[in-house]
Amino acid sequence: GWVGVGMWVGTADWFGVSKDGDATQKWQRKSLRHCSMRYGRLKPQAIRQMDLSSQDNISLTSTETPPPLYVPSSAHAFGMQKIVDPLARGRAFRMVEEVDGYSVPQTPVTPGATSLCSFTSSRSGLNRLPRRRKRESVAKMSFRAAAALVKVMTWRNEQTWRRSFTPASFMEEDVVDLPDELDTSFFARDCLMQEELSTYADEVFESPSEAAMIDVMQEEGSKLDETELTGSALDKSELERSHLMLPLERGWRKAKEGTPGPPKVPLRQEVVSVNGQRRGQRIVVPVKKLFAREKRPYGLGMVGKLTNRTYRKRIDSYVKRQIEDMDDHRPFFTYWITVVHLLITILAVCIYGIAPVGFSQHETVDSVLRNKGVYENVKFVQQENFWVGPSSEALIHLGAKYSPCMRQDRQVHDLIRDKRDIERDSACCVRNDRSGCLQTSEDECSSTLAVWVKWPRHHSTPQLEGRDRQYGSVCHQDPRICLEPASVAPHEWPDDITKWPVCTRYNTGNHTNLPHIDCTITGRPCCIGTKGRCEITSREYCDFMRGYFHEEATLCSQVHCMDDVCGLLPFLNPEIPDQFYRLWLSLFLHAGILHCMVSVCFQMTILRDLEKLAGWLRISIIYILSGITGNLASAIFLPYRAEVGPAGSQFGILACLFVELFQSWQILAQPWRAFIKLLCVVLFLFAFGLLPWIDNFAHIFGFISGFFLSFAFLPYISFGRMDMYRKRLQIIVFLVVFLGLFAGLVVLFYVYPIKCDWCELLTCIPFTDKFCEKYDLNAHLH
């Protein structure tokens, strides 16, 4: 009898006429699904009935049966987001149920949620059935399950996790915390287990986020717009019913087209609720985000955060799309220029040493052997360097901005000309015992202890073209004894001794009976200071004054002191300085260790931040051209100060921040606050430039040129067609303005040089008498 009753109940359930409501509803759902697959779309009433029956079944299942033990598969484990089908709106989500060994579609148990299997099945086709899966043996399945559980329990005992709320189930902990190396393939046997277990997790613990939909579509190559996904994936009622929270942020970095690799996973906030009540929040930070490179948002960045720049709550979708499409760049130029600055500064300090540290002038007094053959107290004065670095002479020799090395300076040229006029009337002063001789004027030669051999008054006067020479003599140099270059007609040495060449080979005779030749010379040319001042003096005195001693020459007219002072490449014409390349070479130098540290901090923050937005090519153009323009202006108004460092370039980069602020003014919530903060910073730096060894002219003109260049080279966003045309026009306008500014400075420097004494007050205020002393080094007798 019991057998007959069981057969009758089974037959009734099979045909769908049983009194059990669950079996009847299940049979009706299968029938409706079969009809939809075979004969096309169902009526709205039938679809609504199927959805209602599914929801009733969910409520019964969730309240009467406890959640099953769940260890996720590799598709859901380790904190990865739930994959949601954004194209499934308007029709029931597809799930899988195995019937007679085949996988067939089934209506979802939880509306608005799906799994990896359903998403894959929707892509591979609606009506194609997967292959029959071969079942494993019970022994093999048991062994794999035991091994997986042992690994899970071992790992859980070794880790300590902090949460803001008590984990709801073993299943949820595994979803977030399990590492990638655990083998959980045993618990992912087929899609059926995933669908059934995701029902409880989707409804109670997790809700699909907008960011998850977007990331899935990006990974699959979809080009759907974010606004379309938001409008088509979930409507407002579904969001409120499922307690869905929008992502806290969407990753700014996008995967470029043609670039392999998955897109950035955003930081996602999930709201946990049980029976419609919010229990707490947890922040899921995927492993990819820890190593992701943050993109610099347009108009914000590091400086934007410091100045409290924030976007408005409502931004037009056209503008928002431009912001998201901004490219993200690697700061290669920042890294390169920083490494170069560090290396050059280290080498300069190691080779040239450190000058006295301070703000005034440093004096050194010592007893030195001078021209008269006696020791004298001499004072050497040099400018102190508070940057802890080399002296001004060393910086000029390294390539600092210094006008006398870049053009023929009028003041330096006049000093050299006056020195030659004095030298033309000089002669060799020979001591009576012929123990020494020196090229001097008549006033400096003692009439009692020495003889001033002056032509033509002395009997040793040679002849030129049948008449006595009027200028000379010269110690250890005479046209009659020099073999190379020889004074032979028609190439005889001129009468003007300042035009005599350096004799490289003499007659080897011991006695010439010429007093200015048979004596021991005690002084030769020495270039002292930074303006090419030349003296005939001893080597001891030249070394004490840190000058350049010329052992091969006998007259100051035979040496080129400015070539010695400037260093680097020799002048094409020794009389005309032409080292114009100092305008950009000085950008790689620093006055000292502290100066270099300031530049490195600036470049690794502000410059690096802007290069992420503009790229290395654009930012390098602004950086170098701003520095060159600032150095050119400094060479005009401060020609005799040796200045180094990328001060003009850095202020040009500061100008980029203002331009970027102006370009994004319409989308910022409080642009005036950011403008005032930036303005205060720049004004403070300009005030700091009033100290010595800080070039305010390079700051001012570097800022102006950087302002013009930023409008032309920085990327921008447009707020409409007319705004786009206006910004394209301003690119041309500001480029022309910059070229005009640069051309005007070139003319003022090379063609019409100006002299402005009061201009120095803009770069240094003399708080004391020696606070703003120039770097003109001279010797003083003590």
Asker: Over all heavy atoms of both residues, which pair between Leu587 and Ser649 is shortest? Give the atoms and the distance, please.
Answerer: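 That would be CD2-OG, 3.8 Å.
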Asker: So, taking the atom named OG in Ser391 and the one named CD in Glu384, what distance separates them when rounded to the nearest 0.5 Å?
Answerer: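 Ser391 atom OG to Glu384 atom CD measures 12.5 Å (nearest 0.5 Å).
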Asker: When you compare the side chain of Cys680 with that of Phe684, does any pair of heavy atoms fall below 4.5 Å?
Answerer: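 No - every pair of side-chain heavy atoms lies 4.5 Å or more apart.
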Asker: For the residue pair Cys596 and Leu342, what are the closest heavy atoms and their distance?
Answerer: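 What the structure gives for the nearest pair is SG-CD2, 3.8 Å.
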Asker: Gln603: which residues meet the side chain to side chain donor-acceptor pair (under 3.5 Å) condition with it, sequence neighbours left out?
Answerer: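 If we apply the side chain to side chain donor-acceptor pair (under 3.5 Å) test to Gln603, skipping adjacent residues, the hits are Thr338, His341, Tyr623.
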Asker: Got a sec, which residues hit side-chain contact (heavy atoms from CB on, under 4.5 Å) with Cys526, two or more places apart in sequence or on another chain?
Answerer: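 Applying side-chain contact (heavy atoms from CB on, under 4.5 Å) to Cys526 gives Ile528, Thr537, Cys542, Phe549.
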Asker: Do Thr763 and Leu690 have side chains that get closer than 4.5 Å, going by heavy atoms?
Answerer: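 Heavy-atom side-chain distance check fails, nothing below 4.5 Å.
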Asker: Going by ring-ring contact (aromatic ring centres under 6.0 Å, His included), name the residues that satisfy it together with Phe703, two or more places apart in sequence or in a different chain.
Answerer: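 If we apply the ring-ring contact (aromatic ring centres under 6.0 Å, His included) test to Phe703, skipping adjacent residues, the hits are Phe658.
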Asker: When rounded to the nearest 0.5 angstrom, what is the spacing between CD in Glu643 and CG in Leu589?
Answerer: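 Taking CD in Glu643 and CG in Leu589, the distance rounds to 12.0 Å.
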Asker: When rounded to the nearest 0.5 angstrom, what is the spacing between CE in Met604 and CD1 in Ile337?
Answerer: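 Separation between the atoms: 12.5 Å.
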Asker: Once rounded to the nearest 0.5 Å, what's the spacing between atom CG of Leu661 and atom CH2 of Trp672?
Answerer: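 Those atoms lie 9.5 Å apart.
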Asker: Any side-chain to backbone donor/acceptor pair from Asn696 onto Phe686? Under 3.5 Å, distance only.
Answerer: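 Side chain of Asn696 to backbone of Phe686, a donor-acceptor pair under 3.5 Å: yes, one is there.
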Asker: Under the criterion side-chain contact (heavy atoms from CB on, under 4.5 Å), I'd like the reasoning laid out for Phe701 against Phe742: C-alpha separation, chi angles, the key distance, then a yes or no.
Answerer: CA-CA 10 Å; Phe701 283 87; Phe742 189 81; over 6 Å; no
Asker: What I'd like to find out is whether the side chain of Leu613 reaches to under 4.5 Å of the side chain of Pro715, using heavy atoms alone.
Answerer: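 In short, these two side chains touch, coming nearer than 4.5 Å.
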Asker: Any donor and acceptor pair, going by atom type alone, linking the side chain of Asn631 with main-chain N or O of Ser586 inside 3.5 Å?
Answerer: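 The answer is no, because no donor-acceptor pair under 3.5 Å joins these two groups.
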Asker: Decide whether Arg608 and Tyr335 meet the rule of one side-chain donor and one side-chain acceptor closer than 3.5 Å.
Answerer: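 A pair is found: one side chain offers a donor N or O, the other an acceptor, under 3.5 Å apart.
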Asker: Are the side chain of Asn385 and the backbone N or O of Ala591 linked by a donor-acceptor pair below 3.5 Å?
Answerer: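 It does hold such a pair.
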Asker: Output all residues satisfying side chain to side chain donor-acceptor pair (under 3.5 Å) with Thr310, sequence neighbours left out; order by chain, then residue number.
Answerer: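 Thr310 satisfies side chain to side chain donor-acceptor pair (under 3.5 Å) with no other residue.
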Asker: Could you tell me whether the side chains of Thr334 and Glu611 share a donor-acceptor contact shorter than 3.5 Å?
Answerer: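 Thr334 vs Glu611: donor-acceptor pair found between side chains.
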Asker: Side-chain contact test, heavy atoms from C-beta onward, threshold under 4.5 Å: evaluate it for Ile754 versus Phe637 and give yes or no.
Answerer: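 Yes, close enough: below the 4.5 Å cut-off.
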Asker: Could you give the distance from CD (Glu393) to CG (Leu398), rounded to the nearest 0.5 Å?
Answerer: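 If I round to the nearest 0.5 Å, the distance is 11.5 Å.
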Asker: Report yes or no: is the cationic atom of Arg641 (NZ for Lys, CZ for Arg) closer than 6.0 Å to the six-membered ring centre of Tyr402, at no more than 45° off its axis?
Answerer: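 So Arg641 doesn't make the cation-pi contact.
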Asker: Enumerate the residue pairs fulfilling salt bridge (Lys or Arg N to Asp or Glu O under 4.0 Å) with a member in residues 709-724, sequence neighbours excluded, ordered by first and then second residue.
Answerer: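 The answer is Asp723-Arg726, Asp723-Lys727.
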Asker: Take a 6.0 Å sphere around CZ of Arg410 and say whether it holds more than 12 heavy atoms from other residues, nucleotides or ligands.
Answerer: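 Result for CZ/Arg410: open.
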Asker: Got a sec, which pairs hit salt bridge (Lys or Arg N to Asp or Glu O under 4.0 Å) with one end in residues 558-585, sequence neighbours left out?
Answerer: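 Output for this query lists Arg420-Glu575.
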Asker: For the pair Asp409 (side chain) and Pro404 (backbone), establish whether a donor and an acceptor sit closer than 3.5 Å, ignoring hydrogens and angles.
Answerer: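 A pair under 3.5 Å: no.
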Asker: Once disulfide (SG to SG under 2.5 Å) is applied, do any residues pair with Cys534, and if so which ones, sequence neighbours excluded?
Answerer: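 By the disulfide (SG to SG under 2.5 Å) rule, Cys534 matches Cys556.
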Asker: Who passes ring-ring contact (aromatic ring centres under 6.0 Å, His included) against His595, sequence neighbours left out?
Answerer: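 With neighbours one apart ignored, the set is Trp387, His590.
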Asker: Quick one: are Ile694 and His699 in side-chain contact, heavy atoms under 4.5 Å?
Answerer: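 Sidechains of His699 and Ile694: in contact.
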Asker: Start with the C-alpha gap between Ser392 and Gln382, add the side-chain angles, then the distance that decides, and say whether side chain to side chain donor-acceptor pair (under 3.5 Å) holds.
Answerer: CA-CA 8 Å; Ser392 59; Gln382 64 176 337; over 6 Å; no
Asker: Minimum heavy-atom separation for Ser626 and Gly648, please, with both atom names.
Answerer: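 Heavy-atom minimum between the residues: CB-O, 3.8 Å.
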Asker: What do the steps show when you test His329 against Trp616 for side-chain contact (heavy atoms from CB on, under 4.5 Å), and what is the final call?
Answerer: CA-CA 8 Å; His329 303 274; Trp616 71 269; over 6 Å; no
Asker: Using the rule given for side-chain contact (heavy atoms from CB on, under 4.5 Å), can you reason through Lys401 versus Val644, listing the C-alpha separation, both sets of side-chain angles and the distance that settles it, and then say yes or no?
Answerer: CA-CA 6 Å; Lys401 182 276 307 174; Val644 293; over 6 Å; no
Asker: Find the distance between CG (Leu654) and CG (Leu607) and round it off to the nearest 0.5 Å.
Answerer: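 Answer rounded to 0.5 Å: 10.5 Å.
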Asker: Taking the side chain as every heavy atom from C-beta outward, state whether Ile704 and Phe651 have any pair of such atoms under 4.5 Å apart.
Answerer: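 Side-chain contact under 4.5 Å: no.
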Asker: I would like to know whether Ile667 and Arg312 meet side-chain contact (heavy atoms from CB on, under 4.5 Å); could you show each step before the answer?
Answerer: CA-CA 6 Å; Ile667 61 176; Arg312 294 183 177 179; 5.6 Å; no
Asker: Fit a plane to each ring of Phe675 and Trp665, take the angle between them on a 0 to 90° scale, and name the class: parallel (under 30°), tilted (30 to 60°) or perpendicular (over 60°).
Answerer: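 Phe675 vs Trp665 ring planes: perpendicular.
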Asker: Does anything in residues 658-685 form a salt bridge (Lys or Arg N to Asp or Glu O under 4.0 Å)? List the pairs, not counting sequence neighbours.
Answerer: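 Listed once each, the pairs are Arg296-Glu660, Arg309-Glu660.
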Asker: Taking all non-hydrogen atoms of both residues, which atom of Gly567 and which atom of Gln579 are closest, and how far apart?
Answerer: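 What the structure gives for the nearest pair is O-NE2, 2.7 Å.
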Asker: Using the side chain to side chain donor-acceptor pair (under 3.5 Å) criterion, which residues pair with His362? Sequence neighbours excluded.
Answerer: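 His362 satisfies side chain to side chain donor-acceptor pair (under 3.5 Å) with no residue once adjacent residues are dropped.
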Asker: Per the side-chain contact (heavy atoms from CB on, under 4.5 Å) rule, which among Val733, Val659, Leu735 passes with Phe711?
Answerer: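 Only one option passes, and that is Val659.
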Asker: In chain order, what residues pass the side-chain contact (heavy atoms from CB on, under 4.5 Å) check against Cys601, with sequence neighbours excluded?
Answerer: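 Here no residue qualifies.
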Asker: Are side-chain heavy atoms of Phe749 and Phe580 found at a separation under 4.5 Å?
Answerer: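 Not touching, per the 4.5 Å side-chain cut-off.
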Asker: Nearest heavy-atom pair of Leu745 and Ile636: which atoms, and what distance?
Answerer: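 Minimum heavy-atom contact is O-CD1, 3.2 Å.
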Asker: Taking the side chain as C-beta and beyond, is there a heavy-atom pair between Cys759 and Phe697 under 4.5 Å?
Answerer: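 Yes - at least one pair of side-chain heavy atoms lies under 4.5 Å apart.
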Asker: Check Leu300 against Asp609 and note the closest heavy-atom contact, atom names and distance.
Answerer: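 Closest approach of Leu300 to Asp609: O-OD2, 4.4 Å.
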Asker: Can you confirm whether the side chains of Gln322 and Tyr716 place a donor and an acceptor under 3.5 Å from each other?
Answerer: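 There is no such pair between these side chains.
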Asker: Please name all residues satisfying side-chain contact (heavy atoms from CB on, under 4.5 Å) with Trp336, sequence neighbours left out, ordered by chain then number.
Answerer: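 Expected list: Phe333, Val340, Phe588.
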